Amino acid sequence: MTIANGRRVYIQEVSVRDGFQIEPTFIPTTDKVSLINSLSRSGLTKIEVTSFTSPKAIPALADAEAVMQQIERVPGVEYAALVPNVRGAERALSCDVDELNLVMSASATHNLANLRLQPEQSLAQFAEIVRLTQGRAHINASLSTAFGCPFEGDLPDDVVLDLVDRVVDMGIDRITLCDTTGMAHPVQVSRLCGAVRQRWPALGLTAHFHNTRAMGLPNVLAALEVGIVRFDSALGGLGGCPFAPGASGNVCTEDLVHMLQSMGYDTRVDLTALLSLANGLAQLVGHEVPGQVMKAGPSTRRYEVPPGVMNREPQLRFGGTASARPTLLV
Ligand code: COA
Ligand code: ZN
């Protein structure tokens, strides 16, 4: 494994979009705004604030304009929003988002289920959005189900590479490969992300993993090995697409930051601040959340030694025969 050596890694928070979009209970706008404001001060590179989707499709984020207008914008933090079509782009631009995160799926079936569009129709919308944005915001293209689709199964790498090609040709210089339902495994991540990095080394490439099958962090490690330094993740491990059966939480931000910092990467994120926010999440969403470090504490956590342990004589156990070596009980 490559030595981290203080290498900079950029953490992009998606809990308030990917997380809240699937929550059955509507999170009040003021609570969203207050969480985003706190996240803004924790050292994260980018926050995906909301999505400008149809309120019928995603009622949980029907307050997109209000949230965008009420948050405090901390200099140095980018504020992004998910955009499914031209109408969404117009709404996002009217709120001065820093980045339009356009979305389409690599799998045609998931694109139809999620956006009711054929991939070609999505690509046409992307081109139209690039035209109407006229450089007023960054544009990122998120390719969902890039590592597998819950309807179609595995996708040939070429399908994804061709899509990247089409998107790059439009002048889009930021792309996210999304593992929407946690089907990716590290060998595949290494292969596909490695191929994209090799073909488009200057592309701003993000990896977006879900931990549905406990492969989220291993996939991050595989992506780091092929040079990816931008990761989407969600506080507490919230997340999931309502139009992808079996979808569940993103890689958990504080677990990811904890792992990267332990390994010597430079995330610039305040882990203590994140843990404190993560600890308030269960109350906000009304159920337990999957994050692990928030429960166990960071690996630097130390416990008091139980009374008497240090001055206790080591207890010796002898095997069945007189010649057996004594074993220290541990
Ligand atoms: N914002 C707000 N409303 C929108 C909209 C947008 N970006 N795009 C369409 N609408 C509205 C239309 O005005 C129309 O409203 P009406 O019923 O009151 O007339 C309604 O939505 C249907 O419009 P239509 O163009 O037929 O879209 P659709 O029903 O085929 O839905 C999407 C297409 C993309 C808007 C919808 O599927 C969607 O928002 N999906 C969200 C996907 C998502 O966020 N998934 C999770 C993250 S990957
Ligand atoms: Zn996702």
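Just follow the structure's listing: the first ligand is 1, and inside any ligand the first atom is 1. Keep in mind that this is a model prediction, so the values were computed, not measured.
- Some N or O of Arg87 is nearer than 3.5 Å to an N or O of ligand 1, by distance alone.
- Not a single protein heavy atom sits closer than 4.0 Å to atom 19 (O) of ligand 1.
- Proximity of atom 22 (C) of ligand 1 to the protein is not indicated, since no non-hydrogen protein atom lies closer than 4.0 angstrom.
- Residue Pro55 approaches ligand 1 through these ligand atoms, each under 4.0 Å from one of its heavy atoms: 2 (C), 3 (N).
- Side-chain contact between Leu161 and Trp200 is present, with at least one heavy-atom pair separated by less than 4.5 Å.
- Contact annotation: for Ser51 versus ligand 1, there are no heavy atoms closer than 4.0 Å.
- Contact of the Cys241 side chain with the Phe243 side chain is registered, since non-hydrogen atoms from C-beta on lie closer than 4.5 Å.
- Closest heavy-atom approach to atom 40 (N) of ligand 1 within the set Asn114, Ile58, Thr180: this belongs to Asn114.
- The contact set between ligand 1 and Pro84, taken as ligand atoms under 4.0 Å from a residue heavy atom, comprises 34 (C).
- Distance check for atom 35 (C) of ligand 1: a protein heavy atom is found below 4.0 Å.
- For the 3.5 Å distance criterion, the side chains of Asp18 and His208 qualify, holding a donor opposite an acceptor.
- Within 6.0 Å of CD in Glu90 there are more than 12 heavy atoms belonging to other residues, nucleotides or ligands.
- Among protein heavy atoms, the minimum distance from atom 33 (C) of ligand 1 is reached at Leu115 O, 3.6 Å.
- A 4.5 Å side-chain heavy-atom check between Val285 and Phe20 finds at least one atom pair inside the cut-off.
- The protein heavy atom nearest to atom 39 (O) of ligand 1 is Ser54 N, 2.8 Å.
- Using modelled atom types, one finds a donor on one side chain and an acceptor on the other under 3.5 Å when comparing Ser40 with Tyr79.
- Look at Glu13 and Lys46 and you find no salt bridge, because none of the NZ, NE, NH1 or NH2 atoms lies under 4.0 Å from a carboxylate O.
- The option with the heavy atom closest to atom 15 (O) of ligand 1, from among Arg17, Gln21, Arg116, Lys56, is Lys56.
- In summary, the side chains of Thr109 and Ser107 do not present any donor paired with an acceptor at a separation below 3.5 Å, with no hydrogens or angles considered.
- For Cys178, every N, O or S atom stays at 2.8 Å or more from the Zn ion (ligand 2).
- The shortest N or O to N or O distance between Gly88 and ligand 1 is below 3.5 Å.
- Of the protein's non-hydrogen atoms, Arg91 NH1, 3.1 Å is the one closest to atom 2 (C) of ligand 1.
- Evaluated by nearest non-hydrogen atom to atom 41 (C) of ligand 1, the leading choice among Thr53, Val86, Asn111, Leu112 is Thr53.
- At the Zn ion (ligand 2), the angle from NE2 in His208 to OD2 in Asp18 is 90° when rounded to 10°.
- With respect to Arg131 and Glu128, a salt bridge is recorded, a charged nitrogen being found less than 4.0 Å from a carboxylate O.
- Of all atoms in ligand 1, listed by their number and element, those nearer than 4.0 Å to a heavy atom of Leu82 are 44 (O), 47 (C).
- Using a 4.0 Å threshold on non-hydrogen atoms, atom 10 (N) of ligand 1 counts as touching the protein.
- Atoms of ligand 1 lying under 4.0 Å from at least one heavy atom of Ala57, given by number and element, are 36 (C), 38 (C), 39 (O), 40 (N), 41 (C).
- Side-chain contact between Val229 and Arg7 is present, with heavy atoms from C-beta onward closer than 4.5 Å.
- By the 4.0 Å heavy-atom criterion, Ser142 is excluded from the residues contacting ligand 1.
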- Apply the test salt bridge (Lys or Arg N to Asp or Glu O under 4.0 Å) to residues Arg73 and Glu78: give CA-CA distance (whole Å), side-chain angles for both, the deciding distance (0.1 Å), then the verdict. CA-CA 8 Å; Arg73 306 263 194 121; Glu78 262 191 31; over 6 Å; no
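- On a distance-only criterion, Phe52 and ligand 1 share at least one N/O pair closer than 3.5 Å.
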- Message: salt bridge (Lys or Arg N to Asp or Glu O under 4.0 Å) for Glu225 and Arg197? Distances and angles first, verdict last.
- Response: CA-CA 11 Å; Glu225 285 287 301; Arg197 287 267 309 142; over 6 Å; no
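- Taking 4.5 Å as the limit, every side-chain heavy atom of Val257 sits out of range of all side-chain heavy atoms of Val9.
- When the options Thr145, Leu61, Asn85, Asp18 are ranked by their closest heavy atom to atom 7 (N) of ligand 1, first place goes to Asn85.
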